[in-house]
Number of protein chains: 2
Amino acid sequence: METLQVKAAVTPEECVVTRTLAFVGSRWTPLVIWHLLDGPRRYGDLRRLLPGISPKTLADRLHALEEQGLTTRTVYPEKPPRVEYALTPRGRALGEILDSVARWAEEDERAGARAAT
Amino acid sequence: METLQVKAAVTPEECVVTRTLAFVGSRWTPLVIWHLLDGPRRYGDLRRLLPGISPKTLADRLHALEEQGLTTRTVYPEKPPRVEYALTPRGRALGEILDSVARWAEEDERAGARAAT
DNA sequence: CGGAATCCCGGTAGATACTG
DNA sequence: CAGTATCTACCGGGATTCCG
């Protein structure tokens, strides 16, 4: 087993980590994933959970997530129409990483608070 | 111990994960961190290791990283001048996360390759 | 060598209005 | 309800030039 591919990458485009982080780091994306960790959510649910997000942006995020295989989109042919978004196993796996990021970031804030004392 | 703060966040600005990922996800940043994982590097080293990066962008990244406490900047008053950048413990901790991201992303590519077969 | 200053371009994402 | 269609503004980041 050799080193991780990333080591070899020289440009951002070639680097999987860069590509992944650029994707997940786009505005609202982490919060969308976070809410979906609680279970499937409807488009309108997410809009309510994310006050300030525009319909276009939310649609963009959901499309991108689906395209990356992180979420699924299920249409229930009812009246009124119902559409549910849910994380795939891979999406949930990414959620785990977001969790570790959160822990890392909060260590920071704690240290900062301590230093400020 | 209650839930992670992130859960409570509703806007991207309030969310530590969003802020962190927006920061780390900016172009070239992961690669800069990656190279620093090998040890301290000089400005010129990094420019050579990152073909295509502009002086401004590299300076921006290094400033931001230093401001976030992820790197240190050491000036050796020699002639010609020498400046070294190195990861702090926190910076290295973030490197660990990048590593998990890399593993996550490569699972993806392997699955994709399999599906494409 | 290790940057800072300036200019500029392209893409991201927000606002708004409308539709199946 | 669950989006799409446009149009715009902002700024991240690249190219270039110059300085201590």
Side-chain angles (χ1 to χ4, degrees), chain A residues 9-15 17-33 35-36 40-68 71-86, chain B residues 10-15 18-33 35-36 40-68 71-86:
Chain A
V10 282
T11 66
E13 287 69 28
E14 294 168 4
C15 174
V17 175
T18 300
R19 290 201 307 269
T20 303
L21 291 182
F23 172 75
V24 197
S26 58
R27 205 165 138 86
W28 295 105
T29 301
L31 285 172
V32 170
I33 296 174
H35 285 298
L36 290 180
R41 291 286 178 267
R42 301 173 61 175
Y43 182 87
D45 290 340
L46 291 170
R47 287 209 68 182
R48 253 170 285 108
L49 290 167
L50 302 170
I53 196 173
S54 74
K56 170 178 174 292
T57 301
L58 179 53
D60 285 352
R61 294 300 171 273
L62 292 171
H63 288 157
L65 286 168
E66 189 183 359
E67 188 181 359
Q68 298 297 317
T71 60
T72 57
R73 191 185 105 113
T74 313
V75 184
Y76 297 90
E78 303 173 354
K79 188 177 171 326
R82 201 178 88 203
V83 178
E84 275 193 356
Y85 295 89
Chain B
V10 283
T11 66
E13 287 70 28
E14 295 168 3
C15 175
T18 300
R19 290 200 307 269
T20 303
L21 291 183
F23 171 75
V24 196
S26 56
R27 205 165 138 92
W28 296 105
T29 299
L31 285 174
V32 170
I33 297 174
H35 284 298
L36 290 180
R41 291 287 177 263
R42 302 173 60 175
Y43 183 86
D45 292 338
L46 292 170
R47 286 209 68 180
R48 255 172 284 108
L49 290 166
L50 303 170
I53 196 172
S54 73
K56 171 179 175 288
T57 300
L58 178 53
D60 285 352
R61 294 301 172 273
L62 292 171
H63 287 158
L65 286 167
E66 188 182 359
E67 187 181 1
Q68 298 297 316
T71 61
T72 57
R73 192 185 106 113
T74 313
V75 183
Y76 297 91
E78 304 172 354
K79 186 175 178 281
R82 201 178 87 201
V83 179
E84 274 192 358
Y85 295 89

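None of the values given here were measured: they were computed from a predicted structure. Within every chain, numbering begins at 1; the chains are lettered A, B, ... in the order of the sequence lines, protein sequences first and strands thereafter.
Across all their heavy atoms, A:L50 and A:W28 have their closest contact at CB-CZ3, 3.8 Å. In this structure, A:E84 and A:R42 approach most closely via the heavy-atom pair CG-CG, 3.9 Å. Closest heavy-atom contact between B:G25 and A:L21: CA-CB, 3.8 Å.
In this structure, the CZ atom of B:F23 is 17 Å from the C1' atom of D:dC11, given to the nearest Å. Rounded to a whole Å, the CZ atom of A:R27 is 16 Å from the C1' atom of C:dG11. Between the CG atom of B:L50 and the C1' atom of C:dG2 there is a distance of 15 Å, given to the nearest Å. Atom CD of A:E84 and atom C1' of D:dC1 are 13 Å apart (whole Å). Across the protein-nucleic acid pair, A:I53 atom CD1 and C:dA15 atom P stand 11 Å apart, rounded to whole Å. Here the C1' atom of nucleotide D:dG3 and the CD atom of A:E78 are 17 Å apart, to the nearest Å. Taking atom CG on B:L49 and atom P on C:dG2, their separation rounds to 13 Å, with Å as the unit. Taking atom CZ of A:R41 as the reference point, atom P of D:dC1 lies 16 Å away to the nearest angstrom.
Within the structure, a side-chain polar atom (N or O) of B:W28 is placed less than 4.0 Å from OP1 or OP2 of D:dG14.
A:R61 contributes atom CZ, which lies 7.0 Å from atom CD1 of A:I53 (distance to the nearest 0.5 angstrom). The distance from the OG1 atom of A:T72 to the CG atom of A:L36 is 9.0 Å, given to the nearest 0.5 Å. Once rounded to the nearest 0.5 Å, the distance linking NE2 of B:H35 with OH of B:Y85 reads 16.0 Å. Distance check, rounded to the nearest 0.5 Å: OG1 of A:T71 to CG of A:L62 gives 6.5 Å.
Within 4.0 Å (heavy atoms only), A:K79 reaches no atom of the nucleic acid at all. Contacts of B:R42 with the nucleic acid, taken as non-hydrogen atoms under 4.0 Å apart, involve only primed sugar atoms and P, OP1 or OP2. Nucleic acid contact class of A:R82 (heavy atoms, under 4.0 Å, all strands): sugar-phosphate only. If you check every strand for non-hydrogen atoms under 4.0 Å, A:Y85 touches sugar and phosphate atoms only.
Among D:dG14, D:dT17, D:dT4, the nucleotide with an atom closest to any side-chain atom of B:S54 is D:dG14. The listed nucleotides are C:dG3, C:dC7, D:dT4; the one nearest the side chain of B:K56 is C:dC7.
Toward the 5' end of DNA chain C, the nearer of the two residues A:G52 and B:R73, judged by each one's closest nucleotide, is B:R73. Nearer the 5' end of DNA chain D, as judged by each residue's closest nucleotide, is the contact made by A:P80, out of B:P81 and A:P80.
Residues from residues 57-65 of chain B with heavy atoms under 4.0 angstrom of DNA chain D, sorted by number: B:T57, B:R61.
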